[in-house]
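Here is the structure we will look at.
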Amino acid sequence: MTRYIIRRLAFALFLVVAVSSASLLLAGAVPGDFASGTLGLEGARRDRLEQARERYGLDKPLAVQYRDWVAHAVRLDFGNSLLYDRPVGDLIPERAVNTAVLALTALTLATLVGLPLGIVVGSRHGGLMPSAIRAGSVVLLSMPPLLTSLFLVFVAARTGWLPISGMRSAVAPPGGAALDVLRHLVVPAAAIALPLAAMFERLQSQAMREVVRQPYVLAAVARGASRSRVVWRDALKAALRPIAAVYGLVVGTLLSGSFAVEVITAWPGLGRLMLEALSARDVYLVAGCAGMGSIFLAVATLFSDVALAFVDPRVTE
Amino acid sequence: MSTDITGLKGPRHIAGLKGAGRAEQAPPLRTAGPGPIKGAGRFSSRSIGVVIVAVWALAAVAAPVVAPHAVDDRFPGLLNSPPTVPHVSFVQRPYIYRWMLVNQLEQRYEIDRGRPVPLRWFSGGTLVQSSDEARAPLLLFGTDSYGRDVFSRLLYGARMSLSLALVSAVGAMLVGMAAGGLAGYVGGALDEALMRTSDFVMVLPAMYVALALRAVLPLVLAPRVVFALLAGIFALVGAPFIARGVRAIVRSERRLDYAVAAEALGASAARVLVRHVLPAAGGFVATELAMLIPAFIVAEATLSYVGLGFPDPIASWGTMLHDASTNIRVFADFPWLLSPAAAIFLVVLGLNLAIEDAGGYERTLG
């Protein structure tokens with residue numbers, strides 16, 4: 001078990017280092033850089049361009065830039081964002097927290113809605129409610145966050161019930177800032193949560209249907225245990241395994257999904273920052289965003305690997 | 001087969017997931033199926049899906065004939081005009097009413113009820129047009145902010161979006177089958193290297209990989225180049241999903257009698273792999289492709305939405321959504337501009353229905 005965890009830790013570390021390095025090198029290797037992108041459009045003189053490059057360290061060869069970046073990064077200095085003219089280390093945490101809030105809310109919502117519905121659908125044979133839930137899931141599965149967010153923004157704009165963009169109102173409304181953020185959170189979080197809940201419902205109901213067929217479930221029913229007790233206690237324990245396995249993978253889906261949602265609902269998260277950084281060729285900010293994203297990914301996969309190892313010890317072999 | 005899949009090296013959660021999805025769940029669902037009513041329902045929902053997909057494929061192919069207008073036809077007097085609804089009656093030909101601009105600033109229109117404009121079949125080289133195209137064009141889904149017919153652009157957009165997804169899927173299939181086949185057949189260090197790489201790509205959020213790869217290339221490119229570029233990126237991101245499953249199937253199939261027999265008869269390794277073993281992965285690959293195509297459609301839409309997809313005059317569902325997003329009033333006042341989103345939903349729903357219960361719901365790439 002310890003060896004397994006160490007191996008997974010090493011993979012997590014490798015993930016973070018590889019992703020941030022690769023994105024820095026990728027963003028640095030392309031024709032055109034931050035200086036020509038921002039100053040070049042304004043018809044800047046050649047010497048101004050050179051000046052800017054020298055100031056940002058863009059005039060050095062890529063290998064040297066990378067070496068300098070690594071040397072600073074190990075001391076937790078991730079360079080200056082060229083776009084914002086602020087240290088990357090200051091910019092990222094704020095945005096990362098916003099994305100984390102969005103993603104965790106969506107994950108919680110999806111779990112709270114999807115799992116119970118999946119259990120209900122998977123433990124019943126036929127009937128109106130399971131069919132309706134199932135149909136709803138198939139529809140929602142065909143609406144990735146890009147579409148759900150457009151749809152929810154459309155509904156919110158038509159009805160005027162909820163704010164449709166940003167994270168805070170310009171003027172704090174009565175009820176305090178926290179409530180304001182919460183109101184802004186509804187649309188983006190629901191946009192990510194809905195398809196995810198549908199996915200959980202499908203997986204959980206499939207797993208449940210397998211387990212309900214097992215002899216030990218029949219035996220429990222035969223001994224006189226009530227139906228709800230068998231379903232919600234005995235069968236559920238065994239049926240949670242596929243969900244546990246999928247939880248680690250879901251983080252990738254969450255990050256991908258939150259990108260579209262952040263862009264559409266103007267949620268100030270990591271995804272939008274990454275897009276800005278990529279468009280402006282702000283190499284250090286790109287590397288910072290990618291690094292932060294990969295930390296999310298690494299922590300989540302590590303967590304789910306370890307959780308899965310507890311549920312199903314066979315995976316450590 | 002199940003032992004072989006779970007015996008994969010690399011991140012276990014993926015191996016465990018695939019093992020659970022394919023080997024343990026899929027067969028019982030088919031054999032010990034539920035009652036006859038559900039079975040019938042499944043059959044019909046499946047055919048509904050096939051019909052939806054077929055209709056869209058047909059619309060895409062027949063776009064030049066069905067679309068009333070060309071992709072870049074503009075009606076300067078009709079910016080963001082609402083749809084013209086065709087009225088049908090028994091005594092006369094179907095007709096529409098003209099939209100009259102009543103407020104230039106707010107782009108508000110009112111129906112000109114006084115003068116119905118009849119529709120004409122097979123005129124102007126298309127299926128149906130209004131008889132007075134200059135003053136009262138047929139605009140089934142309204143116009144966009146440049147005054148272009150949204151319905152026509154939707155059909156041409158289907159060509160672009162669907163063909164890109166299809167080409168990407170074929171690319172992913174070729175790369176994935178080659179890598180998976182080689183890894184499974186040759187084994188050893190090559191297997192290790194290929195599978196480690198595909199594990200790594202699969203862990204990353206696909207949208208960001210595509211975004212980063214696209215963003216580092218020059219922003220302004222010819223449409224053809226963008227098409228090839230996006231197809232290449234999508235194929236690379238999608239290939240690992242196919243490679244991993246194909247590898248597992250090849251590994252178990254090549255030990256079976258028929259493959260051993262072919263080898264014993266003197267067939268070369270390449271022949272055994274391509275002619276005998278790989279076809280066994282056909283079903284798996286087909287299911288996987290049906291899950292990748294929706295993901296590619298959404299990926300194109302997302303990239304074009306943020307301005308990293310096709311350049312402006314090209315109609316794709318993503319660029320149409322991008323145009324819509326530049327107008328703040330789209331949600332409240334011009335909802336017809338969101339019709340590409342509905343189109344994406346229908347195609348994805350159709351594909352999902354068509355492959356229902358054929359495999360996992362484990363991921364959505366959007």
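Each chain gets a letter, A, B and so on, in the order its sequence line appears, and its residues count up from 1. Predicted, not measured: the structure shown is a model, and the values here were computed from it.
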What residues of residues 148-158 of chain A sit under 4.5 Å from chain B when only non-hydrogen atoms are counted?
Leu150(A), Val153(A), Phe154(A), Ala157(A), Arg158(A)
Once you round to the nearest 0.5 Å, how far does CD1 of Ile297(B) lie from OG1 of Thr302(B)?
11.5 Å
When every non-hydrogen atom of Phe296(B) is compared with those of Ala165(B), the smallest separation belongs to CD1-O, 3.6 Å
Straight-line distance of His322(B) NE2 to Leu303(B) CG, nearest 0.5 Å
12.5 Å
Determine yes or no for a side-chain-to-main-chain donor-acceptor pair under 3.5 angstrom, with Glu262(A) supplying the side chain and Arg272(A) the backbone.
yes
List the residues meeting side chain to side chain donor-acceptor pair (under 3.5 Å) with Glu300(B), not counting sequence neighbours, and say none if there are none.
Ser161(B), Ser304(B), Ser316(B)
Which atoms of Val139(A) are under 4.5 Å from chain B, going by heavy atoms: the side chain, the backbone, both sets, or neither?
both
Pairwise distance CG(Leu229(B)) to CZ(Phe234(B)) - rounded to 0.5 angstrom
9.5 Å
Measure Leu255(A) against the heavy atoms of chain B and call it side chain, backbone, both or neither at under 4.5 Å.
both
When rounded to the nearest 0.5 Å, the distance separating CH2 of Trp56(B) from CG of Leu162(B) is 8.0 Å
Residue part contacting chain A, namely of Ile344(B), when any heavy atom lies under 4.5 Å:
both
Checking heavy atoms, do the side chain of Leu15(A), its backbone, both or neither come under 4.5 Å from chain B?
both
Go through the atoms of Leu204(B) and report whether side chain, backbone, both or neither lie under 4.5 Å from a heavy atom of chain A.
both
Starting at CE of Met195(B), measure out to CE of Met202(B) and round the result to the nearest 0.5 Å.
9.5 Å
Using non-hydrogen atoms and a 4.5 Å limit, figure out which bit of Phe14(A) sits close to chain B: side chain, backbone, both or neither.
side chain
What's the spacing between Phe345(B) CZ and Leu147(A) CG if we round to 0.5 Å?
8.5 Å
